[in-house]
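As a basis for the values below, the full set of heavy atoms in this structure was taken, side chains included, without hydrogen atoms, waters or symmetry mates.
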Protein chains: 2
Amino acid sequence: MKKTRNTTAKTAVLEVFEKSRTALSHTEIQKQLNGICDRVTIYRILERLMNDDIIHKISNLDGTVKYAKCNHSHQRVHIHNHAHFSCENCHEITCLENVKPSYIMPHNYKVKEINFTLSGLCPNCLNSNI
Amino acid sequence: MKKTRNTTAKTAVLEVFEKSRTALSHTEIQKQLNGICDRVTIYRILERLMNDDIIHKISNLDGTVKYAKCNHSHQRVHIHNHAHFSCENCHEITCLENVKPSYIMPHNYKVKEINFTLSGLCPNCLNSNI
DNA sequence: AAAAATATCGCAACAATGTTGCGATTTAAT
DNA sequence: ATTAAATCGCAACATTGTTGCGATATTTTT
């Protein structure tokens with residue numbers, strides 16, 4: 001496999017993730033980068049960061065796609081089996097690192113990855129009495 | 001609210017769902033309809049069917065969106081809180097009506113809806129030794 | 001059964017999101 | 001400094017979904 005390089009654009013994208021408490025869409029990243037690089041470049045950087053397990057992709061109930069930094073603190077080989085919360089009011093997506101669903105599968109299925117997304121109101125919006 | 005009508009196109013779409021064991025994307029539906037109606041019409045029919053709780057929307061890990069018939073057998077007021085299985089080999093999506101995850105949420109979140117998608121190999125592809 | 005009301009349709013146009021090819025540029029290794 | 005390879009920018013294209021509007025079809029009213 002190819003070796004990935006550190007470039008200005010990649011560093012900038014990582015900084016945007018670092019600063020953000022929530023998951024970000026391609027468009028949101030692009031806005032924050034303020035023209036530092038091309039739209040296509042961002043796509044390609046996101047692809048590389050995903051291959052390197054630095055970020056992961058989250059797709060929403062409404063079909064929108066976001067990305068968030070991986071939290072490597074716990075496991076060596078990590079699977080993104082944590083939950084995500086999607087606020088229907090502010091549309092922010094946060095990783096719920098500690099929420100892990102338990103479930104019983106019918107046999108004959110081989111489960112490799114799970115995606116567990118909850119939606120409703122986040123603490124912020126809940127407090128704002130919306 | 002508007003009253004929805006039964007049209008040729010809507011009936012055709014419903015038949016496609018009836019015949020299918022798995023969830024379908026807009027494109028897949030369009031192919032099966034074989035030019036019976038316009039692309040836009042299919043979108044509008046899907047919208048109406050969702051409002052009428054006849055079908056539900058499923059968005060995948062990879063960002064693709066599919067639709068499936070609702071199973072109304074159990075509850076009067078139903079929430080689509082069952083799980084979906086997405087096969088990484090044949091890309092079929094099936095509803096796992098009986099799989100319901102249990103989980104513990106941090107307080108301060110108000111959960112209204114959940115989306116639980118598992119991916120891996122479906123029984124068919126598992127048996128094919130892939 | 002005809003007329004009126006309105007839901008639905010088809011078409012065209014547009015918007016958002018994502019992909020690909022390719023020559024130019026930058027990075028990292030020698 | 002040279003070189004090989006990864007990355008970039010641009011243009012072009014593909015896919016998916018949306019909107020406006022006049023035409024058509026369905027349902028209700030008379």
For this session: Keeping the roles fixed (side chain from B:Thr117, backbone from B:Asn60), state whether a donor-acceptor pair exists under 3.5 Å.
Result: no

Problem set entry | B:His84 NE2 to B:His56 NE2 distance, which is reported to the nearest 0.5 Å | 3.0 Å

For this session: Please determine which of A:Phe116, A:Tyr103, A:Phe85 meets the ring-ring contact (aromatic ring centres under 6.0 Å, His included) test together with B:Tyr103.
Result: A:Phe116

Problem set entry | For A:Ser86, the option from A:Thr22, A:Ile93, A:Ile58, A:Leu118 that meets side chain to side chain contact (heavy atoms under 4.5 Å, CB included) | A:Ile93

Seminar exercise, completed: Taken to the nearest 0.5 Å, the spacing of A:Arg44 CZ from A:Glu47 CD works out to 9.0 Å

Exercise. Between the side chain of B:Asp52 and the main-chain N/O of B:Ile54, is any donor-acceptor distance below 3.5 Å?
Worked result: no

Problem set entry | Partner residues of B:Glu88 under the side chain to side chain donor-acceptor pair (under 3.5 Å) criterion, sequence neighbours left out | A:Lys112

Seminar exercise, completed: When rounded to the nearest 0.5 Å, the distance separating CG of A:Leu14 from CD of A:Glu18 is 7.5 Å

For this session: Could you go through the side chain to side chain contact (heavy atoms under 4.5 Å, CB included) check for A:Leu49 and A:Lys69 one step at a time?
Result: CA-CA 9 Å; A:Leu49 291 178; A:Lys69 276 210 76 172; over 6 Å; no

Problem set entry | Backbone N/O of A:Tyr67 and side chain of A:His26: donor-acceptor pair under 3.5 Å | no

Exercise. Hey, are the side chains of B:Val13 and B:Ile55 touching, using non-hydrogen atoms and a 4.5 Å cut-off?
Worked result: no

Exercise. By a strict heavy-atom criterion of less than 4.0 Å, which residues belonging to residues 33-46 of chain B are in contact with DNA chain D?
Worked result: B:Arg39, B:Val40, B:Tyr43, B:Arg44

For this session: Specify the angle, to 10°, made by the local axes at the two ends of the helix from C:dA1-D:dT30 to C:dT30-D:dA1 when five pairs are taken at each end.
Result: 30°

Exercise. Roughly how far apart are A:Ile45 CD1 and A:Met50 CE, rounded to 0.5 Å?
Worked result: 14.0 Å

N/O-N/O pairs, protein side and nucleotides 24-28 of chain D side, under 3.5 Å:
residue	atom	partner	partner atom	Å
D:dT26	O2	B:Arg5	NH1	3.0
D:dT26	O2	B:Arg5	NH2	3.3
D:dT28	OP1	B:Lys3	NZ	3.0

Exercise. Does one hydrophobic cluster hold both A:Val16 and A:Tyr43, with members joined at side-chain heavy-atom distances below 4.5 Å?
Worked result: no

Exercise. Are A:Glu28 and A:Lys66 close enough that some pair of their side-chain heavy atoms sits under 4.5 Å apart?
Worked result: yes

Exercise. Listed in order of residue number, which residues of residues 16-28 of chain B have a non-hydrogen atom at under 4.0 Å from DNA chain D?
Worked result: B:His26, B:Thr27

Problem set entry | Outermost nucleotides of DNA chain C that come under 4.0 Å of a non-hydrogen atom of chain B | C:dT6 to C:dA12

Seminar exercise, completed: Interatomic distance, CG@B:Leu126 vs NE2@A:His107, rounded to 0.5 Å, equals 11.5 Å

